[in-house]
There are 2 protein chains.
Amino acid sequence: MSSPSDLTARARIRDSALKLFAERGIDRATVRDIALDAGVSSGLLRHHFGSKEGLRDACDEFALGEITRIGSRFTTFQVLDRIDPGVRLLQRYLIQSMLEGSAAGNALFDRMIEYAEQWLATTDIKVADPRAFVAVLSAMKLSMFTMRDQLSRVLGEDVDEPSGWARMLQASVEIFSQPIVTPAQAEQVRNAFARLDSPTPEE
Amino acid sequence: MSSPSDLTARARIRDSALKLFAERGIDRATVRDIALDAGVSSGLLRHHFGSKEGLRDACDEFALGEITRIGSRFTTFQVLDRIDPGVRLLQRYLIQSMLEGSAAGNALFDRMIEYAEQWLATTDIKVADPRAFVAVLSAMKLSMFTMRDQLSRVLGEDVDEPSGWARMLQASVEIFSQPIVTPAQAEQVRNAFARLDSPTPEE
DNA sequence: ATCGCCGCTACACGAGCGTGTAGTAGCCTA
DNA sequence: TAGGCTACTACACGCTCGTGTAGCGGCGAT
C-alpha cells in the first residue's frame, strides 16, 4: 500500500488483489487479472498464497491491520478533508467484506459496535436497547460508504471528491444533530409495538 | 409471486429468478439453478427471456411494478408487524439492485429521494442542502436492509423475525427522534469545512 | 388433413475460471 | 563444486458458465 514497484512481488500481488477485490468484488476479480495487475504470473500468486481464498485471507489480515494502525477514522465523525487513496481502498475492501459477511468484515463491524458502545456511555443519551441502538447507528454511518455510488449519482458529483464528500458529511451531521421524527411520531411507533406485544385485549 | 405451481412456466421462472437473484446476487445465481428451481429446462428460460440479462430486465420490471402496486412501505417509517415473505423478497432483490447500480435500483432510489423531498417540505426542518440531506437520510434508512446480516449477527436474532425487526425499527426511531451529536459538535464540523473552503487566512 | 407456430427438452459449443504440474534460473549452504 | 531450496514461468486440466442448435408434441387455422 506504499510505493508502486519497489516492493516484493508478494506485497505487490496483495496490493493488486486488495485493489481489484475492492473495485469489482471478490468473484469478479480473477486471479489472472490480479497477477496481470501486479506484473507477475498467475502461478506465482498461487505459489505465495496457495489459493484465491488464501490470498483473500492475506488481504483480510492486512486490511484489518492497516486500518487499526492508521486509526479508527472509520468509526468516528472526524472530518477528513482529504482522504488518502490507499485508505479509501482499504475502506472499500472492508465495506465489501462487511456486506458479504466475511471474517474480516464481521470483526470490523464488531469493533465498530464496541467503539460505539463506549461512546454511548460517555453521552447522556437514554435508550431502551443500547445494543440495537449502536448497531443500527453504526449501520447508518456505514451507509454513506455502501451507498456511495447512488449518493454520487443523486448528488451529481463524486462523494469521493472533496466537494461531494463535504456535502455528504455535513448532511449526516444535520441529520444527527436534530430530531427527524417528532415525539408524537415516535410515541406512535412505540404504541404500535406495545400493542403487538400484549395479547390483543379483546376481539 | 403468488401460489407455487399453478402459474405459467414463464411466471415461475421469473419468480425463481427473483428469489435466487435476491438470495445469491446476480452473478452467483446461474440460469441452470433458476431453471431447476422453476422445474423447467434451462432452454425454456432462454426461449422466454432471450438471455440472462433479459431475465434480469423482466425481474426488474416486475419487482418495480409490484413494489409500486403494493405501496411505498419501503420509503416510510410505517410499522410492519409482519412482512409478507414475497414482499421481503422484492425488497432484497431491489436492495441488491441498488447496491449494484442497475437501472431498476437507480429508479427506485430516485423515487425514494423524490418521496423524501416531498416529505421534507411538509416538515419545518431547516437544512442547508436539502438534496444531500434526503439522499443521505434515504441511504441511512436503507442501511437497515443492506446491513441486515451484520445486524442480525450483532443482535443475536434475525431482524426478519418479528422480535428482531421490532428492536431494529425502534432503535431507528430512537436515533431519529433525538439529537445524536451536540450543537457544539455540529458547529465544530461546520467550522472545519468553512475553514477548508476559504483560502487559508494567513501563513 | 396438414401446415405452422408455440412451449418445451436435450445436448453440444466455446469461453473463462481456479487449480495442478513441470520446469528453469539464481542463490545459499556444505 | 555439488546439492537443494526459493522465486518464478509456461502450459495444461477440468469444471461451470451463458449461449447456440436441433428437434419433438400439441393445438389452432386453413
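Numbered from 1 within each chain, the chains take letters A, B, ... in sequence-line order.
A cation-pi contact links A:Arg14 to A:Phe62, judged by a cut-off of 6.0 Å to the six-membered ring centre and 45° from its axis. By the 6.0 Å and 45° rule, A:Arg153 does not stack over the aromatic ring of B:Phe109.
For A:Ala116, the side-chain contact (heavy atoms from CB on, under 4.5 Å) test picks out A:Val134, A:Ser138, with sequence neighbours left out. When the side-chain contact (heavy atoms from CB on, under 4.5 Å) test is applied to B:Thr146, the partners found at least two apart in sequence or on another chain are A:Leu99, A:Thr146, A:Met147, B:Ile95, B:Leu99, B:Ser143. In this structure A:Glu100 satisfies the side-chain contact (heavy atoms from CB on, under 4.5 Å) test together with A:Ile26, A:Arg56, sequence neighbours excluded.
In DNA chain C, runs of at least 3 stacked Watson-Crick or G-U pairs (N1-N3 plus N6-O4 or O6-N4, or N1-O2 plus O6-N3, all under 3.5 Å) give these stems: C:1-30 with D:1-30.
Shortest non-hydrogen contact noted between A:Ala186 and B:Ser177 is CB-CB, 4.1 Å. Shown here for B:Glu157 and B:Ser163, the closest heavy-atom pair between the two residues is OE1-OG, 2.8 Å. In terms of heavy atoms, B:Ala29 sits closest to B:Lys52 at O-NZ, 2.9 Å.
Near DNA chain C, meaning a heavy atom under 4.0 Å from it, residues 47-60 of chain A has A:Ser51, A:Lys52 in order of number. Residues of residues 31-39 of chain B that place a heavy atom closer than 4.0 Å to DNA chain D, in numerical order, are B:Val31, B:Arg32.
When side chains are defined from C-beta on, B:Leu169 does not count as touching A:Val189, because their heavy atoms never get closer than 4.5 Å.
Between A:Asp33 and A:Lys19 there is no salt bridge, since no side-chain N of the basic residue sits under 4.0 Å from a carboxylate O of the acidic one.
Distance, B:Asp27 CG to D:dC17 P: 12 Å, rounded to whole Å.
Among the nucleotides D:dC8, C:dC8, C:dT9, the one closest to the side chain of A:Ala9 is D:dC8.
B:Thr30 comes within 4.0 angstrom of the backbone, heavy atoms only, and of no base.
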